[in-house]
Engineer: 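I'd like to ask you about the structure that follows.
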Amino acid sequence: MLDTWTIKKTEANGNNRSLVTGSSDERTVVWVGDIPIGGVEAVVVAGPCSVESRDQVTRTAHAVKDLGAVILRGGAYKPRTSPYDFQGLGVEGLRLLREAGDSARMPIVTEVMSEDDVTVVCDYADMLQVGARNMQNFALLKKLARTRKPILLKRGPSATVTEWLSAAEYLLHGGNENVVLCERGIKTFDSSLRNTLDLAAVALVKEMTHLPVVVDPSHATGKRSIIGQCARAAIAIGADGVIVEVHPEPEKAWSDGAQSLTFENFEEMMNGLTAPFRGVVAQPALAY
Ligand code: PEP
Ligand code: MN
């Protein structure tokens with residue numbers, strides 16, 4: 001499957017490498033404001049699922065910054081399964097997120113859902129998220145390719161690795177090399193969790209491409225209690241960072257409360273990310 005894709009690109013480009021997989025020995029570092037993604041250290045991006053109010057987003061920004069997050073996330077345009085669910089504060093949400101990011105001295109990342117909103121989101125945000133549901137919105141990808149803003153490209157819920165990388169190829173081909181891939185869980189036969197976190201795909205795309213890759217264990221699991229371990233596993237497998245949802249009062253969140261970490265949960269996750277791993281037996285077992 002992957003070979004098929006590479007071969008197709010070969011014909012299109014007239015060489016045997018696609019832009020996404022080309023020169024994977026030289027890794028790309030994407031700068032979001034003054035923060036490098038894909039450098040020596042893994043980064044933590046954190047913030048609420050949705051921007052709800054000045055107080056909510058500003059408190060969250062300061063709390064996560066104090067605990068080690070380097071980029072603030074927050075949704076102003078929300079892709080919701082039901083049209084009756086909260087759709088986001090729109091431009092007011094962008095303003096509040098920007099204000100909170102500036103106050104805590106953090107760059108901000110937020111989703112852009114529509115081609116119509118690209119200009120206004122670019123005015124406020126340091127990095128633009130393409131949500132999972134929009135991964136194959138090719139008109140949006142083409143427009144974003146022309147902005148040159150850093151893009152966080154989430155993997156579609158049912159997208160193969162090939163489709164995910166082809167979406168990234170649209171951005172690079174259109175002139176935007178500032179692409180960070182984000183694994184956020186895929187649909188499988190198993191409904192025990194919101195999605196299935198495909199960590200092997202993270203190792204695979206790290207091997208296949210030169211692009212940084214981050215993991216979103218919040219949407220991948222939908223379950224607050226296991227997000228810390230999944231984040232730890234993501235870094236262990238080679239992810240360049242994690243993006244997680246944090247809320248001052250998750251039980252009152254307007255979206256994704258069940259997967260939102262409290263400030264205390266976030267602190268535990270951060271401690272876990274720097275804790276040593278369990279030892280592995282290195283000596284051959286003694287003969288009985
Ligand atoms: C989000 O980041 O809040 C979000 C909606 O993510 P995804 O597109 O991965 O579902
Ligand atoms: Mn969310």
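Just so you know, residue 1 is the first one in the sequence shown, and it goes up from there. Atoms within each ligand, like the ligands themselves, are counted from 1 in listed order. Only heavy atoms go into these numbers, but all of them, side chains included; no hydrogens, no water, no symmetry mates.
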Engineer: Test salt bridge (Lys or Arg N to Asp or Glu O under 4.0 Å) on E99 and R54; report intermediate values, then the result.
Structural biologist: CA-CA 8 Å; E99 202 182 293; R54 173 174 287 123; 2.6 Å; yes
Engineer: For G131, counting its heavy atoms only, list the atoms of ligand 1 lying under 4.0 Å from any of them.
Structural biologist: 8 (O)
Engineer: Please determine whether any non-hydrogen atom of C49 lies less than 4.0 Å from an atom of ligand 1.
Structural biologist: yes
Engineer: For R133, counting its heavy atoms only, list the atoms of ligand 1 lying under 4.0 Å from any of them.
Structural biologist: 8 (O), 10 (O)
Engineer: Using only heavy-atom distances, determine whether the side chains of Q259 and D256 contain a donor-acceptor pair under 3.5 Å.
Structural biologist: yes
Engineer: Closest non-hydrogen protein atom to atom 4 (C) of ligand 1, residue and atom name please, with distance?
Structural biologist: H219 NE2, 3.3 Å
Engineer: Yes or no: does R73 have any heavy atom under 4.0 Å from an atom of ligand 1?
Structural biologist: yes
Engineer: Has R232 got its NZ or CZ under 6.0 Å from the middle of the six-membered ring of F277, at an angle within 45 degrees of the ring axis?
Structural biologist: yes
Engineer: Assess the side chains of T188 and D190: does a donor N or O sit below 3.5 Å from an acceptor N or O?
Structural biologist: no
Engineer: Would you give the angle at the Mn ion (ligand 2) between D256 atom OD2 and H219 atom NE2, to the nearest 10°?
Structural biologist: 90°
Engineer: What I want to know is whether D216 and ligand 1 share at least one N or O pair that is separated by under 3.5 angstrom.
Structural biologist: no
Engineer: Name the residue from T110, D126, D123 that meets the side chain to side chain donor-acceptor pair (under 3.5 Å) definition with R98.
Structural biologist: D126
Engineer: Look at atom 6 (O) of ligand 1 and say which protein heavy atom is nearest, naming residue and atom and giving the distance to 0.1 Å.
Structural biologist: K154 NZ, 3.0 Å
Engineer: Could you walk me through whether R27 and D240 pass the salt bridge (Lys or Arg N to Asp or Glu O under 4.0 Å) check?
Structural biologist: CA-CA 11 Å; R27 303 220 59 89; D240 297 293; 5.3 Å; no
Engineer: Would you say the side-chain atoms of T58 and S103 include a donor-acceptor pair closer than 3.5 Å?
Structural biologist: no
Engineer: Output the atom name for the N/O/S atom of E245 with the smallest distance to the Mn ion (ligand 2).
Structural biologist: OE2
Engineer: Membership question, hydrophobic clusters at under 4.5 Å side-chain separation (ILVMFWY): are V121 and V32 in the same one?
Structural biologist: no
Engineer: Need the ligand 1 atom indices (1-based, order shown) with element for anything under 4.0 Å from a heavy-atom of K78.
Structural biologist: 1 (C), 3 (O)
Engineer: Can you tell me the protein heavy atom closest to atom 8 (O) of ligand 1 and the distance?
Structural biologist: A132 N, 2.7 Å
Engineer: Specify the protein heavy atom at minimum distance from atom 9 (O) of ligand 1: its residue, its atom name, and the distance to 0.1 Å.
Structural biologist: R184 NE, 2.7 Å
Engineer: Are any of the N or O atoms of D256 closer than 3.5 Å to those of ligand 1?
Structural biologist: no
Engineer: Can a donor-acceptor pair be found, under 3.5 Å and without considering hydrogens, that links the side chain of D216 to the backbone of H219?
Structural biologist: yes
